[in-house]
Amino acid sequence: MECQVTRMKEQLEEVNNFIRINEFVGFDTETSSMLPFDGKLLAVQIGDFNTQYVIDVQTIGIDNLLPTLNLLKDTIVIGHNLKFDLKWMHYHGIKVDKVFDTFLAECLLTAGLDKENRHLSLQACVSNYFGVRLDKSIRSKIIYEGFSDRVIRYCAEDVKYLSLLRKRQLEKIEEWELEKVMDLENRFVKVLMLMEYYGPIIDTKKWTEVYTLVEKTLGKTVEQLNNIILHNDKLKKYINTEPQLGLEFPDFNNKVADKVLINWSSPIQKLKLLHGLDINVKSTEAKDLIRKRDKHPIVPLLIKYSKWNKLSTSFGRNFLKFIHPVTGRIHPDYFQIIASGRLSCSKPNLLNIPSHGDLAKKIQASFIPKYGNKIVGGDYSNFELRIISEFADEPLWTTTFAEDRDLHSELCTRIFNIREDQVNDPFPLKPDFTYRHVQKIIDFGLSYGMTEFKLGDLLDIPTREARKLINSFFITIPRVKKILSIWAYAATSRGYIRTAPPYRRIRWFPNWNEDLSKVEPYLISAIEREAKNTVPQGSNADCIKEALCLVQDEIDNNNYPVKIMLSIYDEIVTDCKKEFTEEWKVILETLMIKAAKEILKITPVKVNVTISDHWIKD
DNA sequence: CAATCGTGCGCG
DNA sequence: AAAGCGCGCACGATTG
């Protein structure tokens, strides 16, 4: 084994040669922080099984290293979770063209498996594939002890196995025909890196206005709740006799109460109180409480409290802490491949920003483009239902999409036997819902395996009425029922399900067994429901990832003044120079349609594009 | 006191 | 009845 530390500029020529003569190079970095904006690049490791170069970046100087790093664009860079390393490369102006990410390969090969059966870290992969143990703890000592012998050795080990790991993973990728989706994910790393690097900008003034309003409303609600128990002899016994340590009223008035009568965030305390009022609920969630809202004035207040407390804790003043002091942007952490193939997002989660209602409008309006720019957004219309339609080949659905009519309304008229102008009339069994609203619940719910119990529960109608709705739904569109059962059967007979061609991503079902008699019936049902959902949800993910790759390539190839700001499941939000918006709007729409046509071959694609001064949902 | 689980709710 | 799917987060309750 040859592993060496590179400290001198002259030594870099050897590294350069290594990069030039190799089609693939293993690549890793060590840094003093997670983001390049508040730390330094300490080491760059390049190598393969036989040779590793550990480059002491600070000693050699980043400027002296740039020519070497620039050579990377002519090779295929292999790395484990390259989203991290590429962010540092981008910071230093280094472009990397082709990558193979062993972390993403492992994510793809094990999608859907649970914690026990899924080991994604480099140590775990190297251990599982080669039986070699890497010691991560020593590597992290680089900050304290610099390039000591053992640090160098372990830095080198982090690139040593990458090319072998890729080969072993490729065997499996070929075995399971995952080449196409692996390629998609490898192309997508760069895009996701940029979405973290150029994360959204928040108008703090607008955001502050919003949370001031939220805290005021929450405070009032707490006050009203407290007044109810203070003036009701029956309820006084539920008041906490001791101060609830660590709990305070929101100090929206700079006033902090010294004790909390009842902790309105405690389901146990709320449940006791409700039972004391002879209100029989099994939980304190809104869905249950809403049925009892007329029993006592406290019930609607409890619903209100939960809602506003959520807004206050998740989207209140804490949210502003995520604004990076140097960049002024939010730099979230995306996870590239969850079970279905979708993204997830954390610190903060930008995929669950409120978007329904007046307050949500104000929250979204706080997401603004760079000064002088505009937001150009595009979202797919009914993508998941179009996926089902594509494979069900259901005449009613295909003609509705072909004629660009509203699917929910269309189905509504058939299933409830009403005219088109009646779809927004109240639904007789539950008058606060319209027919179309009910239909929407049915369309999504039933497509993913909802039973009459849940539907009855959701619509607050008897189970037998729900059963009738389900029956007429599937009688009206029998081919949808058929394709759903085909997907369910595929999953239970094989133990996995695939998304639509050409990507054909796999999701595994860890509870499955070849001998189905060994699988509990309820687990079989769960696999069936998950499979029914994975095809449309995962195919949608494949599509939006392809679209995002096309969009970023277009931006890069033409130097367009555009940044991808957010992507929420079926929506792409971009930050675009004002003068370019009209032109960009057309390009964005075209590329999103182009991506979708990879999957939807006979079903029309519809994309809605908007230009605005801030994030908005149309 | 930290780790873990459950509840409830935000999004598509 | 574990009887739509996919997530992350805040908070309370429980555990060791």
Side-chain angles (χ1 to χ4, degrees), chain A residues 111-112 115 244-247 260 262-271 282-289 302-316 318-319 322 332-335 337-357 359-360 363-364 379-385 388 440-458 463 466-467 470 484 487-488 491 497 507 511 520-538 540-541 544 566-571 617:
Chain A
K115 242 182 172 178
Q244 300 277 289
L245 283 178
L247 286 175
V260 169
I262 281 181
N263 182 356
W264 300 109
S265 293
S266 161
I268 292 178
Q269 291 181 26
K270 284 189 280 191
L271 219 46
K282 54 182 194 308
S283 85
T284 59
E285 60 185 312
K287 169 175 85 61
D288 285 346
L289 290 184
L302 288 174
I303 298 171
K304 196 175 172 188
Y305 173 84
S306 288
K307 181 186 162 66
W308 289 86
N309 189 48
K310 173 68 180 176
L311 291 172
S312 175
T313 54
S314 289
F315 309 106
N318 285 339
F319 201 87
F322 288 106
D333 186 12
Y334 288 99
F335 183 76
I337 309 172
I338 62 170
S340 63
R342 268 186 177 180
L343 300 177
S344 72
C345 181
S346 63
K347 290 175 288 178
N349 183 0
L350 295 178
L351 304 183
N352 71 343
I353 304 297
S355 73
H356 305 301
L359 189 87
I363 292 177
Q364 288 201 329
D379 65 279
Y380 289 109
S381 164
N382 280 324
F383 195 89
E384 292 191 10
L385 294 176
I388 297 175
K440 218 173 153 179
I441 294 172
I442 295 175
D443 292 342
F444 284 106
L446 296 194
S447 298
Y448 306 138
M450 197 198 295
T451 64
E452 61 262 45
F453 303 100
K454 176 77 174 184
L455 184 61
D457 200 40
L458 273 176
T463 308
R467 182 72 250 166
I470 294 173
L484 292 172
W487 290 338
I497 189 75
R507 176 190 178 158
N511 291 322
E520 299 252 31
Y522 83 91
L523 288 175
I524 294 179
S525 312
I527 291 171
E528 290 178 339
R529 292 192 303 273
E530 286 158 8
K532 288 172 184 177
N533 177 260
T534 298
V535 180
Q537 183 181 119
N540 191 356
I544 199 93
L566 283 173
S567 174
I568 296 108
Y569 307 114
D570 54 7
E571 177 184 5
K617 207 178 170 330

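All values reported here derive from a predicted model rather than from experimental measurement. Every chain is numbered from 1, with letters handed out A, B, ... down the list of sequences.
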Handout entry: Heavy-atom check, side chain of A/Thr284 versus side chain of A/Tyr305, under 4.5 Å
Key = no
Exercise for the section: Take the protein atom CD1 of A/Ile497 and the nucleotide atom P of C/dG6, then report the distance between them rounded to whole Å. Expected result: 13 Å
Exercise for the section: Would you kindly give the CG-to-P distance between A/Leu343 and C/dG8, to the nearest whole Å? Expected result: 11 Å
Exercise for the section: Provide the distance between the two P atoms, one in B/dC9 and one in C/dA1, to the nearest whole Å. Expected result: 23 Å
Fill in the blank from the handout: Dot-bracket for DNA chain C, 5' to 3', Watson-Crick and G-U pairs with both distances under 3.5 Å, [ ] for crossing pairs, | for partner on another strand, reads ....||||||||||||
Problem - Atom-to-atom span, CD1 of A/Ile524 to P of C/dA3 - whole angstrom - result: 16 Å
Exercise for the section: Take atom CZ of A/Phe322 and atom C1' of C/dG8, then tell me their distance rounded to the nearest Å. Expected result: 11 Å
Problem - A/Phe319: ring-ring contact (aromatic ring centres under 6.0 Å, His included) partners, not counting sequence neighbours - result: A/Trp207
Problem - N-O pairing of A/Asp379 and A/Lys617 below 4.0 Å - result: no
Practice task
Give the rounded distance in Å between these two atoms: CD1 of A/Ile442 and P of C/dC5.
Solution key: 18 Å
Exercise for the section: Please identify each residue that fulfils ring-ring contact (aromatic ring centres under 6.0 Å, His included) with A/Phe444, with sequence neighbours left out. Expected result: A/His408
Practice task
Measure from CG on A/Asn263 to C1' on B/dG6 and round the result to the nearest Å.
Solution key: 15 Å
Exercise for the section: For C/dG4, take OP1 and OP2 only and decide whether either is under 4.0 Å from a side-chain N or O of A/Arg529. Expected result: no
Handout entry: Those residues that, when tested against A/Ser567, pass side chain to side chain donor-acceptor pair (under 3.5 Å) (two or more places apart)
Key = none
Exercise for the section: Mind checking A/Leu446 for me? I need base, sugar-phosphate or nothing, with any heavy atom below 4.0 Å counting as a touch. Expected result: nothing
Practice task
Report the residues that fulfil side chain to side chain donor-acceptor pair (under 3.5 Å) with A/Thr313, sequence neighbours left out, ordered by chain and then residue number.
Solution key: none
Fill in the blank from the handout: Side-chain atoms of A/Ser266 come closest, of C/dC5, C/dC11, C/dA13, to C/dA13
Exercise for the section: For C/dG4 and B/dC5, measure between their C1' atoms and round to the nearest Å. Expected result: 24 Å
Fill in the blank from the handout: Under a 4.0 Å heavy-atom criterion, the protein footprint on nucleotides 7-12 of chain B, written with B, S and -, is SBBBBB
Handout entry: With A/Asn511 via side chain to side chain donor-acceptor pair (under 3.5 Å) - residues at least two apart
Key = none
Practice task
Name every residue in residues 449-458 of chain A that has at least one heavy atom under 4.0 Å from any atom of DNA chain B, in order of residue number, or write none if there are no such residues.
Solution key: none
Practice task
List for me each residue that meets side chain to side chain contact (heavy atoms under 4.5 Å, CB included) alongside A/Ala488, sequence neighbours excluded, and say none if there are none.
Solution key: A/Glu528, A/Lys532
Completion exercise
By side chain to side chain contact (heavy atoms under 4.5 Å, CB included), A/Phe453 pairs with (sequence neighbours left out) A/Thr451, A/Thr463
Using a 3.5 Å cut-off and no angle test, enumerate the donor-acceptor pairs between side-chain atoms of residues 347-357 of chain A and protein atoms at least two apart in sequence or in another chain.
{"unit_1": "A/Asn349", "atom_1": "OD1", "unit_2": "A/Leu351", "atom_2": "N", "d": "2.8"}

Exercise for the section: Using side chain to side chain donor-acceptor pair (under 3.5 Å) as the criterion, list what pairs up with A/Lys304, not counting sequence neighbours. Expected result: none
Handout entry: First of A/Asn318 and A/Arg507 reached from the 5' end of DNA chain C, by closest nucleotide
Key = A/Arg507
Practice task
Would you indicate what A/Ser525 reaches in the nucleic acid, counting non-hydrogen atoms under 4.0 angstrom: base, sugar-phosphate, or nothing?
Solution key: nothing
Fill in the blank from the handout: When rounded to whole Å, the CD to P distance for the pair A/Glu520 and C/dA3 reads 14 Å
Practice task
Ignoring backbone atoms, test whether A/Ser344 places a side-chain nitrogen or oxygen under 4.0 Å from the OP1 or OP2 oxygen of C/dG8.
Solution key: yes
Problem - Value in whole Å for how far the C1' atom of C/dA3 lies from CD1 of A/Ile527 - result: 15 Å
Practice task
Please examine the side chains of A/Arg529 and A/Tyr448, heavy atoms only from C-beta on, and report whether any two atoms are closer than 4.5 Å.
Solution key: no
